[in-house]
Protein chains: 2
Amino acid sequence: MSRPRATPPAEQAFLAGYDPSCFPRPSVTVDVVLLAPLAGQLHTLVIRRLDHPFRGLWALPGGFIHLDESLEQAATRVLASKTGLDGVFLEQLGTFGAVDRDPRTRILSVAYCALVDPGRFQEVRVPAEDAAVGRISVPWAGEAGGPVALASPAHGDLELAFDHAEVIGLAVKRMRGKLDYTPVGFELLPPEFTLLDLQKVHETVLGRRLNKDSFRRRMLALGQLEATGEVQEGVDHRPAALYRRAKGGLAR
Amino acid sequence: MSRPRATPPAEQAFLAGYDPSCFPRPSVTVDVVLLAPLAGQLHTLVIRRLDHPFRGLWALPGGFIHLDESLEQAATRVLASKTGLDGVFLEQLGTFGAVDRDPRTRILSVAYCALVDPGRFQEVRVPAEDAAVGRISVPWAGEAGGPVALASPAHGDLELAFDHAEVIGLAVKRMRGKLDYTPVGFELLPPEFTLLDLQKVHETVLGRRLNKDSFRRRMLALGQLEATGEVQEGVDHRPAALYRRAKGGLAR
DNA sequence: TGAATAGTGTCTATAAGACAATATCCC
DNA sequence: GGGATATTGTCTTATAGACACTATTCA
């Protein structure tokens with residue numbers, strides 16, 4: 001949001017003479033944690049580093065920001081260029097700035113969380129040798145937080161570059177914290193879904209089982225769900241009703 | 001957290017030849033929202049800008065980061081240098097990066113929230129003409145979010161520089177969100193306090209009245225409070241028991 | 001004694017968990 | 001019909017809100 005303010009003449013003169021190099025400047029990157037629920041666990045995409053530093057290790061998709069784009073635009077651009085995805089829900093996670101987090105020079109990283117449903121996640125096509133879908137194992141309960149471990153069927157344990165294990169840990173922690181009072185779970189589902197689908201997403205993020213009856217009642221009582229009138233097809237049992245996110249999704 | 005990783009020789013050679021200026025770099029500042037509850041409302045400290053840009057308007061205490069300090073160290077340094085406070089609870093709020101948020105050049109701001117009790121807040125001594133304690137009026141309910149307005153007895157409505165009205169808005173929103181499941185309210189109180197003190201802090205942050213009975217039961221049930229065995233002194237009614245934050249304060 | 005707030009006990013309304021009963025699909 | 005899951009309804013238990021009552025201090 002820009003301020004509707006006229007720049008006074010004295011300030012214009014000052015601005016004309018301003019030298020950006022009068023303060024030391026760090027480099028700044030954005031890194032994107034692309035999250036999707038798959039087979040009951042959160043997964044994220046990491047890319048093998050072909051260059052120094054941390055060559056050969058795995059890193060979140062990221063890149064240096066441009067001076068003519070906002071942080072969110074940078075995250076959108078990086079995600080699109082590395083995965084081909086666009087129109088993805090993005091949320092800023094936090095900024096990592098330990099002095100020695102990058103051995104090259106002082107580099108800050110603004111981390112973003114990107115949420116997609118399993119279908120879109122599996123559409124992502126990147127050279128097989130250079131990317132891995134990592135299953136996130138969270139070694140802590142609740143919202144305690146901390147670094148996490150990643151593993152993939154193809155590459156086994158994925159050793160992460162930089163502080164990316166902590167970045168992914170913060171993403172999981174943030175998701176868990178937001179799930180109770182925001183409709184962020186919808187971002188991890190296709191447009192139409194059953195109540196059990198939604199419950200499984202919650203269970204996947206929280207890492208624990210939920211009571212089915214109470215979950216159903218709570219979700220329907222929130223008024224954020226709208227029945228489509230359709231039901232599942234092709235399941236070998238009674239089909240469940242399909243819901244979509246309600247248009248006037250009240251923010252709590 | 002630094003990685004316990006030996007740098008391979010090839011990477012050492014690469015690092016020796018790395019040129020930080022090969023990517024364009026923005027300037028980066030930290031801004032600190034110092035929050036304290038006073039007379040039933042959240043207040044924050046703002047400083048009148050003596051230089052361009054936004055000369056004469058009010059801004060959060062802030063400054064450019066140094067390349068040899070972490071972001072949190074920068075926030076600590078800025079807070080200490082502008083207010084004399086140290087040992088304050090600090091938490092990263094988010095990073096603001098709109099392209100035109102600063103008319104000088106591209107400047108990102110990493111915002112931090114600093115929480116103190118009313119006593120420490122009023123200890124802050126800065127030149128009277130240059131600083132104002134702003135009462136925060138929040139024009140939205142719940143956790144909706146958005147910019148807020150500031151006013152002070154001495155200077156009336158405080159027109160804020162940059163995007164600082166949004167930064168303060170995010171601080172309030174974050175505080176409201178965290179209050180339910182973290183002991184962050186303790187940071188806004190002196191070491192010993194009564195249950196009513198704690199309730200008033202919650203009411204101040206949330207901007208609404210809470211049920212006394214239920215609040216008392218809920219807080220005592222959390223197991224994060226420890227009775228000191230002492231009671232209030234010098235009040236003209238039955239003195240309330242004093243509590244302190246429990247040592248083994250269970251997270252949730 | 002009266003004003004004021006602290007603290008306790010009890011009742012009610014609401015939400016969560018447990019579980020039984022019935023519904024609807026595919027095979 | 002059998003297997004599987006959906007959906008509804010009821011019962012029990014935990015928690016929140018409301019409110020009455022007693023306790024303790026100062027003026």
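Order of the sequence lines fixes the chain letters, A, B, ..., with proteins taken first and strands second; residue numbering starts at 1 for each chain. Computed from heavy atoms alone, side chains included, the values below leave out hydrogens, waters and symmetry copies.
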Find the distance between CZ (B:Arg135) and CG (B:Asp157) and round it off to the nearest 0.5 Å.
12.5 Å
Mind checking the CD1-OG1 spacing from B:Ile136 to B:Thr204? Nearest 0.5 Å is all I need.
11.0 Å
Applying side-chain hydrogen bond (donor to acceptor under 3.5 Å, both in side chains), can you list everything that pairs with B:Arg209, at least two apart in sequence or on another chain?
B:Glu203
Which letters describe nucleotides 11-16 of chain D, given B = protein heavy atom under 4.0 Å from base, S = only from sugar-phosphate, - = neither?
-----B
Figure out the CG/C1' separation between A:Leu225 and D:dA6, and round it to whole Å.
16 Å
Once you round it to whole Å, what is the distance between P of C:dA6 and CE of B:Met219?
16 Å
Sub-4.5 Å side-chain heavy-atom contact between B:Gln122 and B:Leu38
yes
For B:Glu143 versus A:Tyr181, what's the shortest heavy-atom pair and its separation?
OE1-CE1, 2.9 Å
Would you confirm whether the ring centroid of B:His155 sits within less than 6.0 angstrom of the ring centroid of B:Trp58?
yes
Would you kindly give the CG-to-C1' distance between B:Leu242 and C:dG7, to the nearest whole Å?
15 Å
So, do B:Arg120 and B:Val88 sit near enough that their side-chain heavy atoms are less than 4.5 Å apart?
yes
Its contact letters, B for base, S for sugar-phosphate only and - for none at protein heavy atoms under 4.0 Å, make nucleotides 20-27 of chain D read ---BBBS-
Can we call the ring centroids of A:Phe186 and A:Phe89 under 6.0 Å apart?
no
Rounded to the nearest angstrom, tell me the gap between atom CZ in A:Arg216 and atom P in D:dT5.
14 Å
Applying salt bridge (charged side-chain N to carboxylate O under 4.0 Å, His left out) to B:Arg77 and not counting sequence neighbours gives B:Glu69
Using a heavy-atom cut-off of under 4.0 Å over every strand shown, decide if B:Ala241 touches base, sugar-phosphate, or nothing.
sugar-phosphate
Rounded to 10°, the angle between the first-five-pair and last-five-pair axes of the helix from C:dT1-D:dA27 to C:dC27-D:dG1 is 10°
Distance, rounded to the nearest Å, where A:Gln232 contributes CD and D:dA4 contributes C1'
12 Å
So OH of A:Tyr243 and OG1 of A:Thr194: to nearest 0.5 Å the spacing works out to 9.5 Å
Counting distance only, does the side-chain N/O of A:Arg176 pair as donor-acceptor with the main-chain N or O of A:Val205 below 3.5 Å?
yes
Do A:Ser81 side-chain atoms and A:Val78 backbone N/O form a donor-acceptor pair below 3.5 Å?
yes
Fit a plane to each ring of A:His202 and A:Phe215, take the angle between them on a 0 to 90° scale, and name the class: parallel (under 30°), tilted (30 to 60°) or perpendicular (over 60°).
perpendicular
Taking 4.0 Å as the cut-off, does a side-chain nitrogen or oxygen of B:Lys212 come that near to OP1 or OP2 on D:dC19?
no
Without decimals, in angstroms, what is the distance between A:Leu222 CG and C:dT14 C1'?
15 Å
Name every residue in residues 195-210 of chain B that has at least one heavy atom under 4.0 Å from any atom of DNA chain C, in order of residue number, or write none if there are no such residues.
B:Leu196
